[in-house]
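Keep in mind the model is a prediction, meaning the values are calculated, not measured. So that the names make sense, note that chain A is the first sequence line, chain B the second, and so on, each numbered from 1. Only this structure's heavy atoms are used, side chains among them; waters, hydrogens and symmetry mates stay out.
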There are 2 protein chains.
Amino acid sequence: MKRVRSIKTGTAETSGGGTQSIERAVGLLLEVGRADQHGARLTDLVTSSGLAKPTARRVLGALVRAGLLDQDEASRRYHLGAESYVLGMLAARRFGIHARAIDGLTRLSQTTGDTAFLSVRRDLHIVCLHREEGPFPIRSHVLQAGDRHPLGIGAGSLAVLAALPDDEVERAIAANTAIILEKYPAYSAGLLQSAVTRTRKDGYALNPGLLMKGSWGIGVAVRDPQGRPVYAISLAAIEDRLDEVRRRELIPMLKREAEKLEHLLRDAPA
Amino acid sequence: MKRVRSIKTGTAETSGGGTQSIERAVGLLLEVGRADQHGARLTDLVTSSGLAKPTARRVLGALVRAGLLDQDEASRRYHLGAESYVLGMLAARRFGIHARAIDGLTRLSQTTGDTAFLSVRRDLHIVCLHREEGPFPIRSHVLQAGDRHPLGIGAGSLAVLAALPDDEVERAIAANTAIILEKYPAYSAGLLQSAVTRTRKDGYALNPGLLMKGSWGIGVAVRDPQGRPVYAISLAAIEDRLDEVRRRELIPMLKREAEKLEHLLRDAPA
DNA sequence: GTTTATGGTCCATTATATGGACCACTCCTC
DNA sequence: GAGGAGTGGTCCATATAATGGACCATAAAC
């Protein structure tokens, strides 16, 4: 009995065997989720997923019938459906920061004026769950709810990466190297390594406009009761608003909110 | 070949064709969601879904790889995964009562002492999304988050049913008759009809212990901006605490919270 | 009236999921 | 400690169910 349990690397195509339509379905589901604001169009989903059109439509149809997706009668666009919402609310019992975390983001964005984010770690990536805009008029829209980036890319993501043990940092960077090379020209494996070191020294993560020039971010990790980083709280603003002086003001606020969440996670053990 | 389709899912049997594994996957997903508190065991999922064991395991495996489910290394039980949570948070932008609604439930349960529920309509069924317990020491555990009942079964569910136009009431009762006969001995199509009439007259729904003797409930519907009932807010308590006198106190409070939600739904059009 | 987008559908082909039978392990009981 | 009964997990020959190239429909643009 050899059966090597492949702890799959970044691109998760090596199926355990015998269920490709489910993989395709989940892929499409997440794709639609990412585009949910305005809805996802069939053609776009076809190209972004690489599936044949009839296949994509068949799968989408099944998801609509199952209630995980809705299709707008008029525009024919796909949106997340009621069942997805129900599922998420049930899952929130286990992952459940939700309501409380968003309160914290609102506090942060109101007192700082900038935009606050809650992200959740998902294997070797990070997914932006919520974006709460502050009153300051110049707002970066680089990070949106639903966006998914490799660990280390962006402030919150870097905070989580740096909070992992060394071997996992290694593994994450190695697994994502190809994607980073292709999609994040300002980044590199070496840069991530030194960014992790610096983040650990500083006690917070800084993204000096590496995703989009001029759009800076700071972030801290939120650890579960076992000490593993699962969420990140971060703030984004233009470079001028994140100089060293102001960062010294903001970081304690971020850390305070992160601690609140950590306490909530301890209290709600499922 | 006569494939005997287990009627488990209630209404979703007329597949458009060519995607049965997705239907199975979603079925299992919801099944796990319902049992998420303690996790779902393979054997139970096999019997409740009617699938063959290898099939169930293959599908569950695919869902785990996709991140929609987690499997506990030690107990081997299945739980909802991070990806389900992410999906739900993204869907919350469209269905988004979430945080705010739970505030309302907390207010209700604290001031009344009883247990408050938020349920969402899902086609011809209702799904309990959240249960907020009040301080009163005798608590009914008849309705749990994740539970799914036909429209009309239970107070919140009846409130939603009664808020639908007549033809849809007809359709819902007709579609659910078989399930009701089988699983809800205290109910019948005729009883539902008169319950709807009474609910409309009274302005609220009453469940006088029909699901479980002694466990009463009252509920009101929450309508979306188009006037269609989508959510229900309800309270559960023992019979003594829901007599006519106390109901006259409680109903206005329920209605006030329902209105708040309706306003929130109007403000967040998406 | 053609062009070029879109969404949607058909159906012969075969790659795909299927499930009966079986194994491995653990915890009982006697 | 042999048998039993409960788990979770796996094989693999079979035929079922998903596949996708080609095609149709509709709407707007030119």
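- For A/Glu168, the side-chain contact (heavy atoms from CB on, under 4.5 Å) partners at least two apart in sequence or on another chain are A/Arg121, A/Leu164, A/Pro165, A/Arg171, A/Arg228.
- Under the rule for a ring pair (Phe, Tyr, Trp, His ring centres under 6.0 Å), the partners of A/Tyr184 that lie at least two apart in sequence or sit in another chain are A/His149.
- Closest non-hydrogen pair, B/Asp72 versus B/Ala74, comes out as OD1-N, 2.8 Å.
- One can place CD of A/Glu23 at 15 Å from P of D/dA18, the figure rounded to the nearest angstrom.
- Which of D/dT19, D/dT7, D/dG9 sits closest to the side chain of B/Tyr78 comes down to D/dG9.
- Remark: P of D/dT7 and CD of B/Gln71 are 16 Å apart, rounded to the nearest angstrom.
- Checked against D/dT7, D/dT19, D/dG9, the side chain of B/Arg76 finds its nearest nucleotide in D/dG9.
- Take B/Arg148 and apply the side chain to side chain donor-acceptor pair (under 3.5 Å) test, not counting sequence neighbours, and it matches A/Glu83.
- In this structure, the CG atom of B/Leu42 is 17 Å from the P atom of C/dT26, given to the nearest Å.
- By the side chain to side chain donor-acceptor pair (under 3.5 Å) test, A/Arg57 pairs with no residue at all, sequence neighbours left out.
- Within a heavy-atom distance below 4.0 Å of DNA chain D, the residues of residues 48-57 of chain A found are A/Ala52, A/Pro54, A/Thr55.
- Scored by the side chain to side chain donor-acceptor pair (under 3.5 Å) test, A/Ser21 finds B/Ser21 as partners (sequence neighbours excluded).
- Here D/dA27 presents its P atom at 17 Å from CZ of A/Arg41, a figure rounded to the nearest Å.
- To the nearest angstrom, P of C/dA17 lies 15 Å from CG of B/Leu60.
- Between A/Ala40 and A/Ser21, it is A/Ala40 whose nearest contact on DNA chain C lies nearer the 5' terminus.
- Proximity of A/Arg24 to the phosphate of D/dG20: a side-chain N or O atom is located under 4.0 Å from OP1 or OP2.
- Side-chain nitrogen and oxygen atoms of A/Gln20 include none within less than 4.0 Å of the OP1 or OP2 phosphate oxygen of D/dA17.
- If you measure from atom CZ of A/Arg58 to atom P of C/dA15, you get 16 Å, rounded to the nearest angstrom.
- Atom CD1 in B/Ile22 sits about 14 Å away from atom P in D/dA17, given to the nearest Å.
- By the 4.5 Å heavy-atom criterion applied to side chains, B/Val127 and B/Leu30 are not counted as neighbours.
- Spacing between atom CG of A/Leu45 and atom C1' of C/dT6 amounts to 13 Å, rounded to whole angstrom units.
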